[in-house]
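Structure, as structure tokens:
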Amino acid sequence: MSNEKQDSIGKRTVCKHSCNNYLAKKRVLREITGHSCLQITLSIQQISEMEIGLVVGGAFLSSALNVLFDRLAPHGDLLYMFQKHKHHVRLLKKLKMTLRGLQIVLSDAENKQASNPSVSDWLNELRDAVDSAENLIEEVNYEALRLKVEGQHQNLAETSDQQVSDLNLCLSDDFFLNIKDKLEETIETLEVLEKQIGRLGLKDHFSSTKQETRTPSTSLVDDSDIFGRQNEIENLIDLLLSKDASGKKLTVVPIVGMGGLGKTTLAKAVYNDAKVSEAFKADHFGLKAWYCVSEAYDALRITKGLLQEIGSFDSKDDNNLNQLQVKLKESLKGKKFLIVLDDVWNDNYNEWDDLRNLFVEGRMGSKIIVTTRKESVALMMANEKISMDNLSTEASWSLFKRHAFENMDPMGHPELEEVGKQIAAKCKGLPLALKTLAGMLRSKSEVEEWKRNLRSKIWELRDKDVLPALMLSYNDLPAHLKQCFSFCAIFPKDYPFRKEQVIHLWIANGLIPKDDGMIQDSGNQYFLELRSRSLLERVPDPSEGNIEKFLMHDLVNDLAQIVSSNLCIRLEESQGSHMLEKSRHLSYSMGFGREFEKLTPLYKLEQLRTLLPTCISCTATYHTLSKRVLHNILPRLRSLRVLSLSHYYIKELPNDLFIKLKLLRFLDISQTAIKRLPDSICVLYNLETLLLSSCDFLEELPLQMEKLINLRHLDISNTHWLKMPLHLSKLKSLQLLVGAKFLLGGSRMDDLGEAQNLYGSVSVVELQNVVDRREAVKAKMREKNHVDKLSLEWSESSSADNSQTERDILDELRPHKNIKEVEIIGYRGTTFPNWLADPLFLKLEQLSIANCKNCFSLPALGQLPCLKILSIRGMHGITGVTEEFYGSWSSKKPFNCLEKLVFVDMREWKQWHILGSGEFPILEKLEIKNCPELSLETVPIQLSSLKSFEVIGSPTVGVVFEGMKQIVELDIRDCNSLTFFSFSILPTTLKRIRISGCQKLKLEQPVSEMSMFLEELRLDECDCINDISPELLPRARKLWVEDCHNLTRFLIPTATEILLIRNCENVEILSVACGGTQMTKLCIHGCKKLKWLPERMQELLPSLKELYLINCPEIESFPEGGLPFNLQLLEISNCKKLVNGRKEWHLQRLSCLTELWIDHDDSDEEIVGGENWELPSSIQTLGIKNLKTLSSQHLKTLTSLQYLEIEGNLPHIQSMLEQGQFLHLISLQSLGIMNFPNLQSLPESALPSSLSQLAIYNCPNLQSLPVKGMPSSLSIYNCPLLKPLLEFDKGEY
């Protein structure tokens, strides 16, 4: 891929608590409004020290000490390196003994710090000292690893011991002297702290290290269980289904209650109720959306989230709030909708009024459910509300019993039942508390353990932010789980995270001890332990396919923040506080620019271990990252163990970056635009996890990857340009390789067989090089139980001599029964082996068979019990789909779980036998493409569940639609025999129709009335259509007409809201039907004979907000009276006569116009006494190209201008730039300067102080930029004379 192409793709896609002393009397926390259920009378001092281990800082200390002790092991590489420096060895042993002396009082210090500030200060100092010691030892250990790697690389010796003893001579005396000085300083600090132990009264006290175990499979919580809320559910359903007596179109229903009462659970139950779903689905205009607002109110984020929920978000949309809100309002207009706004905190009426305005044009019966803890929010939004009360005693016991006694009968344990009822009563009817505490007690079978929790004085905590039941659950965690749980404080509220992501972070920070087994398995066990205690909950409906995600309830998140003692923080919640200096693990929210300013405070955080960008609703778009972050900030964070740059538009990394960050253990560069990794990555000898998935441009890995001697996990999945490097087999520590691709030839089948560390997806290509069954056996595919996606591919150009041999080879490549997805491409046999249709593949959900051109029959795929997606392509030998395809079923219907079926390029397929016995019972999507011999008239397709039907390249389309009761989408393309299409007989459930490439199709007036109302109708490449008018087409909200080259007349239907006419070059008449329309968007593109826009646009198109006129050279003027007054966006491109004549423009009258784009050819001239460029002051975005008559005077009126893009021949504007006359644009935030060949300099103070982004492209003679006043984000391309002046830290990818 060329650099230019990569750049162009990039440009398109770029578009809490402070709690040192938790129990301090004067601590101020956020007040939770709602029904208080905890009446406290006892003081906090009455809580015994030994019962509360609130702060987990000591747990983090323990993990740091364990890392140190591991490094200082008697026979470790580190001590070998110093064996010729006896004094250093003595210092290292002294360090170890000092740390042991401190470790034995650590547990006692944890317990006492809450009530003794001196102990808390001592622990903080100890943490800093231990961190410094750990970093020092890690640096020394790095040198030991380096010597080992270099020794192996140079083949100097066979054993690592000998290597190190030989090669330590390569280290300078200064190195050993420097280490000695630092060791002595560190030991001195630790000895001072050790001497204070007696004065502080700290005693030897080892906490139990016993780790409880239980069967994970029985510990997962069933989130669908709801107790004691039936009345609330029924009342809320009645409210949603009833009509508003006052006649309002929109009703807001707030659900109010304190945290943990089950507001969200109630909303979910109603949202997914069958009657509610039917009410908001059966209507043509119905839609539902769910969005979690959370504490930090952000109108832009809410608008984007709702657009994504209703399927109207485009990743190309920028962050213009006005445009996005207009789009959302238009998307909801005229529809009956149900929207849930979960967890609303903001009670600012003006902001609510602005948000409510987006919903007011929905249909009668539209409803919004709002869940909130604040009465003020409910009162602001509606007169009536649903108040959540605590559960009754009976319902509380039912919920508690459900989770605490899941594995046993309460009647069989009467003593536990008695205590359990008392504990449930103490939870005061709070579902979250009941569920969490029950999850903790379910593994405890001794009645005394239950009574200990019942007697605990933690029930008397006054603090409302952390429920006592949650605190009890936390205190019950063993130390190893406490530190893992508290680390999760790094995640923002409502942030969905993957289990694998969390485990990676735990491992990289030393929170999971290393043993002889798979450390990933230990991490998985830890995660399931926290899950079983209801501290982590599964996201019900993952948004990204089948990727399972989790989050923490808000109150659990509060608890994690408190117990992490500010070691794990979120940057946005710590600005301007001392919290940053204390932090070790930090996350921040990704944005679209200004990352450098956000991350500047990190300069001083030399002890930072984790840097994690987060994005709650990341789409496919990249985020920009300033080079100053990569060059100036990251290299200073030398203690980093975890670094993520995922989702940033990074094409390259500084080559010396990883030399500075040599302690890294986890590096995530997934979903970036990087093409190759810097060679310096090979010096990350501590690196354990490297994630490179979905790096679409990555072509190669560094040649010396084998130097990564600790690399344990490598993910190269979805890196389409990356070939499987041979040297990866030399990574001796590699346990998990995800996305491996094996190119067969030579001995590579042996490599595949020996690779027992394969996870996720595996591709095996060039299988034509496998000669027989014996060689295929070497792959050992049946043993690879962690591979869930397998792709087998033969070269298309190869041919087979023996079909049976081919079948035998494929037979031996049978995957393990855990396989979820199989793809077979270019198989050269005539029949498939039996395993392809084996019902024992209980996890196989997706199967693709492509280009197997010799096969004359299909396997009995109908008997695969869990198959959801089936794709059959390029099977040229198939003439019929027969009964064999369905298999033999005794009880279940064939293709019982199939949701999507695709047939493509089946040249000889003529017959499709349908059993008529209920096959395909839940099929939703059917695609038949380029099957020229198949006559659909002979296929009685009656698929009651079908929602989408796509047929391309079929000679006849006579599909019987009678049985399709749920179909919503119909796509017919390249069916040349189609001459007439009766819209009137189609099912009224249809919402989207596309007809394309049907050259003989003519529109005729239907015999009966068309009652359907479409969301979208698209007609393109239908050359026999010459006239479009309302009586010929069904009503459609969006109407797209493209490449209909004989279309001459177009009468816009009244129901159309969005119209696109593109490349219909013979259209001469464009008019609006009588009565006008409520059209909001009109795009006319490539209509080269069109001279006039519709008349009376102000009257007939009063709601028009967006108008695009592109490549329409004959349009001479706007209609008499000008454009509609509500117009907000106007784009004119290559409309020469319109721009040069400037008739009836009157743009200054358009007070709503906020965005204007004009792309011209510099043929415009001044019009004496006529219209020039009087622009309204409301314009916020302006883009102009080759418009030489636009002067500085016209720009000076644009006081609201925020985004300006100037390009080409603009002599007046260039003069403004050179004379520094942009200062008056006081609102300008972003400026783009492109294709100014004569521009030579920008003077000092040329730019307004409000400017935050500057992009300069293709200015070959530009030689200088201002030294002062430059914006934080600067992008420069193809300005060769600027290169010598530019510093690396002033650019952005």
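The first residue of the sequence shown is numbered 1, and numbering continues consecutively from there.
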Taking the side chain from S639 and the backbone from E606, do they hold a donor-acceptor pair closer than 3.5 Å?
-> yes

Any residue meeting side-chain hydrogen bond (donor to acceptor under 3.5 Å, both in side chains) with E700, in chain and number order, not counting sequence neighbours = R676

Is there a donor-acceptor pair under 3.5 Å between the side chain of T719 and the backbone N or O of S694?
-> no

What residues, two or more places apart in sequence or in another chain, satisfy salt bridge (charged side-chain N to carboxylate O under 4.0 Å, His left out) together with E688?
-> K514

Heavy atoms only: give me the nearest L661-L637 pair and the separation to one decimal.
-> CD2-O, 3.2 Å

Donor-acceptor pair, side chain of K598 and main chain of S589, under 3.5 angstrom | yes

E184 meets the salt bridge (charged side-chain N to carboxylate O under 4.0 Å, His left out) criterion, sequence neighbours left out, with K180

Nearest heavy-atom approach of H585 to L608 is N-CD1, 4.0 Å

Excluding sequence neighbours, so at least two apart, what forms side-chain hydrogen bond (donor to acceptor under 3.5 Å, both in side chains) with K662?
-> none

Show your reasoning for whether salt bridge (Lys or Arg N to Asp or Glu O under 4.0 Å) applies to R665 and E138.
-> CA-CA 11 Å; R665 299 174 187 165; E138 285 296 293; 3.3 Å; yes

Check the pair E194 / T98 against side chain to side chain contact (heavy atoms under 4.5 Å, CB included), numbers first and verdict last.
-> CA-CA 8 Å; E194 189 178 28; T98 306; 3.8 Å; yes

Which residues satisfy the ring pair (Phe, Tyr, Trp, His ring centres under 6.0 Å) test with F491, sequence neighbours excluded?
-> Y495, F497

Quick one: side chain to side chain contact (heavy atoms under 4.5 Å, CB included) partners of P635, sequence neighbours excluded?
-> L657, K660

Y142: partners by side-chain hydrogen bond (donor to acceptor under 3.5 Å, both in side chains), with sequence neighbours left out | none

Salt bridge K707-D679, side-chain N to carboxylate O under 4.0 Å = no

Hey, what do you get for NZ (K499) to CG (L536), rounding to the nearest 0.5 Å?
-> 11.0 Å

Quick one: are the ring centres of Y649 and H623 less than 6.0 Å apart?
-> no

Would you tell me whether T610 and N509 have side-chain atoms, one donor and one acceptor, within less than 3.5 Å of each other?
-> yes

Between S717 and D715, what is the shortest heavy-atom contact and its length?
-> OG-OD1, 2.7 Å

Test salt bridge (charged side-chain N to carboxylate O under 4.0 Å, His left out) applied to R641 - qualifying residues, sequence neighbours left out = E134

Any chance the side chains of H713 and T689 put a donor and an acceptor closer than 3.5 Å?
-> no

Which distance, rounded to the nearest 0.5 Å, do you find between the CG of L611 and the OG of S587?
-> 9.0 Å

Please determine, by modelled atom types, if N710 and S733 share a side-chain donor-acceptor pair under 3.5 angstrom.
-> no

Decide, yes or no, whether a salt bridge links E185 with K182 under the criterion of side-chain N to carboxylate O below 4.0 Å.
-> no

Using salt bridge (charged side-chain N to carboxylate O under 4.0 Å, His left out) as the criterion, list what pairs up with E139, not counting sequence neighbours.
-> none

What pairs with A489 under side chain to side chain contact (heavy atoms under 4.5 Å, CB included), at least two apart in sequence or on another chain?
-> A560, Q561, S564, C568

Side chain of W122, backbone of Q196: donor and acceptor closer than 3.5 Å?
-> no

Those residues that, when tested against Y648, pass ring pair (Phe, Tyr, Trp, His ring centres under 6.0 Å) (two or more places apart) | none

Is the side chain of W506 donor-acceptor paired with the backbone N or O of C484 at a distance under 3.5 Å, no angle test?
-> yes

Go through the side-chain N and O atoms of S670 and S646 and say whether any donor and acceptor fall under 3.5 Å apart.
-> yes

Rounded distance [0.5 Å steps], NZ in K651 versus NZ in K675 = 10.0 Å

Partners passing side-chain hydrogen bond (donor to acceptor under 3.5 Å, both in side chains) against Y685 (at least two apart in sequence or in another chain) = none

